[in-house]
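Here the structure is laid out as structure tokens; the discussion comes afterwards.
Numbers restart at 1 for each chain; the letters A, B, ... are given by sequence-line order, proteins then strands.
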Amino acid sequence: MTMDPVRPDFIPDPSLSQAEMEALQRDIAEVARFEDDLDVSPAAIASAGDAPDDDQTTLSASTDDTTNPPLVAGVDQAFVDDRAVSAIVVLRNGEVIERVSAVERTEIPYIPGLLSFREGGAILAAFAELEADPDVVLVDGSGRIHFREAGLATHIGITLDVPTVGVAKSLLCGAPEQSLDETYPEGTRIPIAADDSVETCPDGTVIGHALQTRQYDSPNRYINPLIVSPGHRVSASTAADIVEATADGYKLPEPTRVADSYADEAKAAVNNPSE
DNA sequence: GCGACAG
DNA sequence: ATCTTGTCGC
């Protein structure tokens with residue numbers, strides 16, 4: 001029971017023309033669902049260290065959530081020449097229960113807006129090796145915050161029909177409701193609204209948030225917020241809730257951090273076939 | 001034409 | 001993303 005495409009017709013094909021890629025993204029955006037349709041509540045997601053408790057403070061955690069802790073996966077890529085290394089880790093209660101990786105040749109260069117056609121193949125190859133069935137997947141990059149509302153997280157979510165969240169380190173498009181050049185305290189959420197750069201939905205639609213998962217106490221140093229957006233089957237606010245629930249003292253949520261280091265490890269292995 | 005642009 | 005030394009701060 002591995003994760004294979006449920007919608008083969010949406011698999012990112014790097015041999016398509018740019019116009020065809022964009023057309024495919026519009027089709028994806030039409031079937032993408034930026035509403036909650038997942039089996040877990042953010043409150044039931046425990047980070048490393050805090051195991052589920054039975055007091056009544058975790059209001060939205062159901063009995064089932066406590067019995068079957070949600071599985072949260074993180075995906076990240078590293079590159080070696082013309083090859084992409086995709087790493088996936090699956091966490092339960094903040095602990096890694098599975099990790100897989102795959103290596104695929106990159107067929108096209110990085111083009112803003114078409115990232116899934118460069119990295120998608122390696123990511124899907126890695127998912128085909130995964131045995132766990134994650135409740136939600138954190139993908140490095142944008143989801144709905146995309147020119148055609150079909151960023152990497154959305155593309156992967158639709159192809160595998162799994163709930164996904166896009167976690168990016170910078171803003172691809174859209175208009176923050178407040179300047180992102182200021183220093184904000186931890187927990188700050190700034191809505192990102194669609195503007196003229198998002199051609200598939202009405203201006204003003206909230207397509208994601210800038211989320212300050214970490215911030216320095218006082219110095220003249222500051223940390224930029226993460227850019228979080230729905231991939232598929234998750235709403236903008238829940239996407240932010242999930243990232244906040246999986247953050248554990250660092251800017252990046254744990255699933256993403258762990259996938260990050262695993263990708264580096266897998267990359268080292270590609271450079272050193274001996275190990 | 002110019003600017004902007006996840007990883 | 002990747003190439004990289006030093007440096008600031010807890």
Side-chain angles (χ1 to χ4, degrees), chain A residues 12 14 18 21-22 25 28-29 32 74-88 101 103-124 126 137-157 164-176 179-181 183 186 192 194-200 207-211 214-232 239 243 249-253 256-257 259-268 270-271:
Chain A
Q18 187 155 327
M21 291 180 182
E22 294 177 359
Q25 292 183 323
I28 286 172
V75 189
D76 188 47
Q77 284 68 246
F79 299 83
V80 181
D81 300 323
D82 65 339
R83 284 168 294 178
V85 181
S86 182
I88 303 175
S101 66
V103 182
E104 293 279 295
R105 293 193 51 161
T106 53
E107 305 295 338
I108 61 172
Y110 164 68
I111 301 172
L114 300 179
L115 185 64
S116 59
F117 294 91
R118 172 176 167 77
E119 309 187 349
I123 295 174
L124 293 177
V137 178
L138 271 44
V139 180
D140 63 310
S142 280
R144 193 182 189 182
I145 295 181
H146 179 273
F147 310 125
R148 292 165 292 279
E149 294 180 283
L152 181 61
T154 301
H155 205 141
I156 295 302
T164 54
V165 171
V167 180
K169 291 184 277 305
S170 60
L171 189 64
L172 173 63
C173 63
S179 170
L180 297 187
D181 296 323
T183 299
E186 282 184 14
I192 305 297
D195 59 9
D196 290 337
S197 67
V198 182
E199 38 198 55
T200 51
I207 54 178
H209 295 85
L211 175 66
R214 193 192 170 191
Q215 188 54 279
Y216 292 131
D217 292 315
S218 57
N220 26 30
R221 297 245 299 169
Y222 63 93
I223 295 175
N224 292 131
L226 278 181
I227 306 298
V228 181
S229 61
H232 180 45
V243 170
Y250 294 89
K251 172 173 174 169
L252 294 175
T256 304
R257 289 188 64 233
D260 215 273
S261 57
Y262 180 40
D264 282 342
E265 195 179 309
K267 171 181 174 172
V270 169
N271 280 319

Among [options], the nucleotide that comes nearest once only the side chain of [X] is considered:
X: A:Asp140; options: B:dG7, B:dA6, C:dC3; answer: B:dG7
X: A:Arg221; options: B:dA6, C:dC8, C:dT2; answer: C:dC8
X: A:Phe147; options: C:dT2, B:dA6, B:dC5; answer: B:dC5

Atom [atom1] of [X] and atom [atom2] of [N]: how far apart are they, to the nearest Å?
X: A:Leu180; N: B:dA6; atom1: CG; atom2: P; answer: 14 Å
X: A:Arg148; N: B:dA6; atom1: CZ; atom2: P; answer: 13 Å
X: A:Ile123; N: C:dA1; atom1: CD1; atom2: C1'; answer: 13 Å
X: A:Phe117; N: B:dG7; atom1: CZ; atom2: P; answer: 18 Å
X: A:Glu119; N: C:dA1; atom1: CD; atom2: P; answer: 9 Å
X: A:Asp260; N: C:dA1; atom1: CG; atom2: C1'; answer: 11 Å
X: A:Ile111; N: B:dA6; atom1: CD1; atom2: P; answer: 13 Å
X: A:Leu152; N: B:dG7; atom1: CG; atom2: P; answer: 10 Å

N/O donor to acceptor pairs below 3.5 angstrom from side-chain atoms of residues 137-147 of chain A, sequence neighbours left out:
residue, atom, partner, partner atom, Å
A:Asp140, OD1, A:Gln77, NE2, 3.1
A:Ser142, OG, A:Ile145, O, 3.2
A:Arg144, NE, A:Glu149, OE2, 2.7
A:Arg144, NH2, A:Glu149, OE2, 3.0
A:His146, ND1, A:Arg148, N, 2.9
A:His146, ND1, A:Ala150, N, 3.2
A:His146, NE2, A:Gly113, O, 2.8

### Query
Any stacking of A:Tyr110 on C:dA1, going by centres under 5.5 angstrom and planes within less than 30 degrees?
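According to the criterion (under 5.5 Å, under 30°), no, A:Tyr110 does not stack.
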### Message
At less than 4.0 Å, is any side-chain N or O atom of A:Lys267 found next to OP1 or OP2 of C:dA1? Yes or no.
### Response
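It does not, given that no N or O in the side chain of A:Lys267 lies less than 4.0 Å from OP1 or OP2 of C:dA1.
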### Spatial distance of atom CD1 (A:Ile227) from atom NZ (A:Lys169) [nearest 0.5 Å]
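Between atom CD1 of A:Ile227 and atom NZ of A:Lys169 there are 11.0 Å.
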### Task
For A:Ser170, answer base if it contacts any base atom (sugar-phosphate contacts may also be present), sugar-phosphate if it contacts only those atoms, and nothing otherwise; contact means non-hydrogen atoms under 4.0 Å.
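Sugar-phosphate contact only - A:Ser170 comes under 4.0 Å of backbone atoms but never of a base.
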### Query
What does A:Ala84 touch in the nucleic acid at a heavy-atom separation under 4.0 angstrom: a base, only the sugar-phosphate, or nothing?
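Touches nothing.
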Any donor-acceptor pair under 3.5 Å linking the side chain of [X] with the backbone of [Y]?
X: A:Asp81; Y: A:Arg83; answer: no
X: A:Lys251; Y: A:Asn224; answer: yes
X: A:Thr154; Y: A:His232; answer: no

